[in-house]
Amino acid sequence: MEQQVGLARGYTRSHRLYELGGIILGVSAGGALALRLSSTENLSGWWVPLALFLGLLGADLTSGLVHWACDTWGSLRTPVLGKLAIRTFREHHVDPMAITRHDFVETNGHNIALSVLPSLVGLCRLEHRTLASTVVAMSLLSMALFVGLTSQIHKWAHQTEPPMVVRWLQDARLILAPRHHDEHHVAPYDRNYCITTGWLNGPLRAVRFFETAERLISRFTRAKPRCPASD
Ligand SMILES: [Zn+2]
Ligand SMILES: [Zn+2]
């Protein structure tokens, strides 16, 4: 309980300001990319659903990589990232239901801030006026959208009574399903890191992606994965 309170107290005023700034930047960058795309020629064709699907996969992979990195490496004392990101993930393991009590800004600030990156890359790609650039930019817009939605989707997976349409999307496995995500919340928290749709958890486990990455990082840095949440 003490640890839970300590971790929750790490949510400071400056952290909230960072989240508010991230939301403004994320929505602006995503909006600018959508606007630029809408004025592009050849904005239709067989490639549109494929580009949107690839963006969704990109968001699921990003959620897995970020989640794995913050669960596995560093501690609350890690410069910048300790307070900015790692604390949130460690709090989530100590008190998984805390996320359901977070308001819109605390739930989504981080991820909407992160969505700035694919949106900016998409805007840069549109400088080249080719069909390939439009396809890539469309994928990046989809990726930005779903990266921005990931924390909300994760929150829904923890809610006992999410909205009906959300329950339907979860049951259809179109977004992260609670039962699938529950497997992550078992110590040592080393399964099912992807939390947008969870589609990539099976393939990544099959190729032992995270285990291999951990072995390589430990070999070269001598860092030990998964230090205690209190660190
Ligand atoms: Zn986790
Ligand atoms: Zn969770």
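Both ligands and their constituent atoms are indexed starting at 1 by order of listing. Throughout, numbering of the chain's residues begins at 1 and tracks the sequence.
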Between side-chain atoms of residues 20-34 and protein atoms elsewhere (two or more places apart, or another chain), which donor-acceptor pairs fall under 3.5 Å?
{"from": "S28", "atom 1": "OG", "to": "I24", "atom 2": "O", "distance (Å)": "2.6"}

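Among the atoms of H92, no N, O or S atom falls under 2.8 Å of the Zn ion (ligand 1). For H185, every N, O or S atom stays at 2.8 Å or more from the Zn ion (ligand 1). In summary, C70 places no N/O/S atom under 2.8 Å from the Zn ion (ligand 1), failing the contact criterion.
Identified under the ring pair (Phe, Tyr, Trp, His ring centres under 6.0 Å) test for residues 17-45, with sequence neighbours left out: H15-Y18, Y18-H110.
Here the angle at the Zn ion (ligand 2) defined by NE2 in H158 and NE2 in H181 stands at 100°, rounded to 10 degrees.
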Is there a salt bridge (charged side-chain N to carboxylate O under 4.0 Å, His left out) between E211 and R215? Walk through the geometry before answering.
CA-CA 6 Å; E211 290 94 324; R215 259 205 314 278; over 6 Å; no

Between E214 and K224, does the salt bridge (charged side-chain N to carboxylate O under 4.0 Å, His left out) criterion hold? Intermediate values first, please.
CA-CA 9 Å; E214 285 170 22; K224 281 191 181 159; over 6 Å; no

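Aromatic ring centres of H184 and H154 lie farther apart than the 6.0 Å criterion allows.
Its N, O or S atom nearest to the Zn ion (ligand 1) is what matters here, and for D71 that atom is OD2. As for H154, its N/O/S atom nearest the Zn ion (ligand 2) is the one called NE2.
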